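Please read the structure below before turning to the comments.
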Amino acid sequence: MPASQSPRSFFVSEAVELLFQIHRTQSFTEAAQNLGVSQSVASRKLVAFENALKTTLVDRSTRPVNLTADGKGVLETCRPFLNSVPELIESLRTKNHLRIDLRIGVLDSFTRVITSSLISTINKQITHCTILSGTSDHLYSRFLKDEIDIFISSDPSIELKDMRKKFFYGEPSLLVLPNSFPLENQSLTWSNLRLCGLPYIGLSKATGGGKLFQNFLVSHDIPILQKYNVDNNSVLLELVDAGLGWTISRPSGVLQHVKYLPNIQLRAMPAPTLSREVFLVSRNSVPFSLFQTIFEALTRITQKKLAKETIEIAPWLEEEIFTVDLDNEKKISFSSVSD
């Protein structure tokens, strides 16, 4: 997708948009990233705005960053207009068919749960959409090759100059065992898992999930040997279903292949446990309003569907699932989200 300016930027001045983003994120860094500028550029714009108004709009002495009383006053005066801009843009796009071509990448483990709901949410904003699925590493590779514009990633280390990234979901891992598992009534430890008589089946180190688990084993000095290496969750669960071994997976991966649930058992991981965070990543050329719409949609979908389905199959995980409070975009426990 060629670089393009967000339609919102023609209606809202950069200074007001910056003030809005600082209020929303309570962070200079995130506010600048959301606008696709450096922190130094954002700081200069804010100082120029304050100098023009002869007042201080942001209290720089606090962390997280907060607006001053004057800053809040400016924002409250502008808020009705800010809130009406997306509706105006959408109505103009609908009337004149000015929409966007979008290439989006979805993690394999999320496709069943989120794809149709997400596309339904953004359907009116796009003319054409290419939907690709794969592992986090595979999607990142296609992103670098300019084959996708926005994607879901479980890699926290991704940082590029011309990109946005926001956390929207955190999920724990669990043990996936065959129904024939020999230690059915025992409290599981890493030691008796290693000596249970069945081998560990894991994802290949070439995958993001495989690297995550291998790093986990090494960092915690857990001596689990991996007999079988596979490259996707379907094969992983099929081997467990056949009684050939046990594995560790994320609930989203299990829910992607519910046909295996009758022949497997899900158990809590022994301490220490393993979790992953999931992010939305895009180029700055993707209009921020569209990025924000997708981010908010993913947050709501994972809250209403993925988190609740996870608790149905593994109720002990409720306190270990994390999401985002969309009022302030802060990470919170799913257990604190009201229905």
Side-chain angles (χ1 to χ4, degrees), residues 6 8 12 16-36 63-67 71-72 75-76 78-90 102 104 106-107 110 113-126 150-154 156 163-172 251-252 275-282 284 286-311 318-339:
S6 167
R8 179 183 169 106
V12 182
V16 172
E17 184 69 71
L18 175 60
L19 194 67
F20 173 76
Q21 291 299 330
I22 291 172
H23 173 69
R24 181 164 196 164
T25 64
Q26 294 185 291
S27 164
F28 274 113
T29 302
E30 287 186 49
Q33 288 175 345
N34 289 344
L35 295 179
R63 291 293 181 275
V65 177
N66 291 304
L67 302 189
K72 292 175 182 176
L75 199 59
E76 286 307 309
C78 296
R79 189 179 295 280
F81 179 71
L82 289 170
N83 291 340
S84 67
V85 167
E87 295 178 8
L88 173 61
I89 292 171
E90 179 57 32
L102 186 69
I104 185 167
V106 181
L107 280 175
F110 274 36
V113 177
I114 68 101
T115 306
S116 60
S117 297
L118 175 60
I119 299 306
S120 295
T121 301
I122 63 174
N123 183 48
K124 291 183 178 180
Q125 293 180 255
I126 55 177
I150 187 167
F151 71 105
I152 297 169
S153 172
S154 60
M163 62 164 269
R164 304 184 186 98
K165 183 175 77 172
K166 284 190 179 184
F167 164 86
F168 69 89
Y169 191 69
E171 65 175 339
S252 57
S275 298
R276 74 167 177 178
E277 294 188 329
V278 187
F279 305 86
L280 181 65
V281 180
S282 87
N284 286 336
V286 174
F288 178 73
S289 58
L290 179 59
F291 175 86
Q292 189 68 21
T293 296
I294 295 174
F295 164 73
E296 293 179 4
L298 287 172
T299 301
R300 293 190 178 98
I301 293 165
T302 48
Q303 287 177 357
K304 293 179 180 179
K305 296 182 67 174
L306 182 54
K308 291 186 176 181
E309 289 184 14
T310 294
I311 294 168
E318 182 171 4
E319 298 295 328
E320 299 178 49
I321 299 171
F322 288 88
T323 183
V324 173
D325 181 347
L326 288 176
D327 289 336
N328 54 29
E329 295 197 2
K330 299 302 177 185
K331 180 179 177 181
I332 58 171
S333 169
F334 175 73
S335 61
S336 66
V337 176
S338 58
D339 291 333

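Fair warning: this is a prediction, and the values are worked out from it, not measured in the lab.
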With sequence neighbours excluded, what pairs up with Ser333 under the side chain to side chain donor-acceptor pair (under 3.5 Å) test?
Ser335

Sequence neighbours excluded, which residues qualify as side chain to side chain contact (heavy atoms under 4.5 Å, CB included) partners of Glu320?
Pro172, Thr273, Leu317

Quick one: list whatever passes side chain to side chain donor-acceptor pair (under 3.5 Å) with Thr293, sequence neighbours left out.
none

Minimum-distance pair of heavy atoms, taken over all atoms of Leu107 and Ile152
CG-O, 3.5 Å

Closest approach of Ala31 to Leu18 (non-hydrogen atoms, all atoms of both residues):
CB-CD1, 4.3 Å

With sequence neighbours left out, write down each residue that passes side chain to side chain donor-acceptor pair (under 3.5 Å) with Ser252, or none if nothing qualifies.
Glu171, Arg276

pair Thr323-Ile332: side-chain heavy atoms closer than 4.5 Å:
yes

In Å and rounded to the nearest 0.5 Å, what is the CZ to CZ distance from Phe279 to Phe151?
11.0 Å

Closest non-hydrogen contact found for Ser153 with Val281 is CB-CG2, 4.1 Å

Ile114 side chain near Leu298 side chain, heavy-atom distance below 4.5 Å:
yes

Can you check side chain to side chain contact (heavy atoms under 4.5 Å, CB included) on Ile119 and Val106, steps first, answer last?
CA-CA 11 Å; Ile119 299 306; Val106 181; over 6 Å; no

Looking at every non-hydrogen atom in both residues, tell me the closest pair between Thr25 and Lys330 and how far apart they are.
O-NZ, 3.0 Å

According to ring-ring contact (aromatic ring centres under 6.0 Å, His included), who are the partners of Phe168, at least two apart in sequence or on a separate chain?
none

Roughly how far, to the nearest 0.5 Å, is OG of Ser117 from CG of Leu306?
11.5 Å

Report the distance from atom NZ of Lys308 to atom CD of Glu318, rounding to the nearest 0.5 Å.
10.5 Å

All salt bridge (charged side-chain N to carboxylate O under 4.0 Å, His left out) counterparts of Lys304, not counting sequence neighbours
none

Who are the salt bridge (charged side-chain N to carboxylate O under 4.0 Å, His left out) partners of Glu277, not counting sequence neighbours?
Lys331

Indicate yes or no for a side-chain donor-acceptor contact from Arg164 to the backbone of Val286 under 3.5 Å, with no hydrogens or angles considered.
yes

Beyond-backbone contact of Ile126 with Ile104, side-chain heavy atoms, under 4.5 angstrom:
no

Considering all heavy atoms of both residues, which atom of Ala297 and which atom of Leu118 are nearest to each other, and what is their separation?
CB-CD1, 4.0 Å

Apply side chain to side chain donor-acceptor pair (under 3.5 Å) to Gln33 and list each qualifying residue two or more places apart in sequence or on a separate chain.
none

With a 3.5 Å distance limit and no angle check, can you tell me whether Gln303 reaches the backbone of Val324 through a side-chain donor-acceptor pair?
yes

Residues which pass side chain to side chain contact (heavy atoms under 4.5 Å, CB included) with Ala307, listed by chain and number, not counting sequence neighbours
Tyr169, Ile321, Phe334

Residue list, salt bridge (charged side-chain N to carboxylate O under 4.0 Å, His left out) with Lys305, at least two apart or on another chain
none

Between Lys72 and Asn66 (side chain of the first, backbone of the second, donor and acceptor by atom type, cut-off under 3.5 Å), is there such a pair?
no

Minimum heavy-atom separation for Phe291 to Ser282, with atom names?
CD1-OG, 3.2 Å

With sequence neighbours left out, what residues match Arg24 under salt bridge (charged side-chain N to carboxylate O under 4.0 Å, His left out)?
Glu296, Glu329

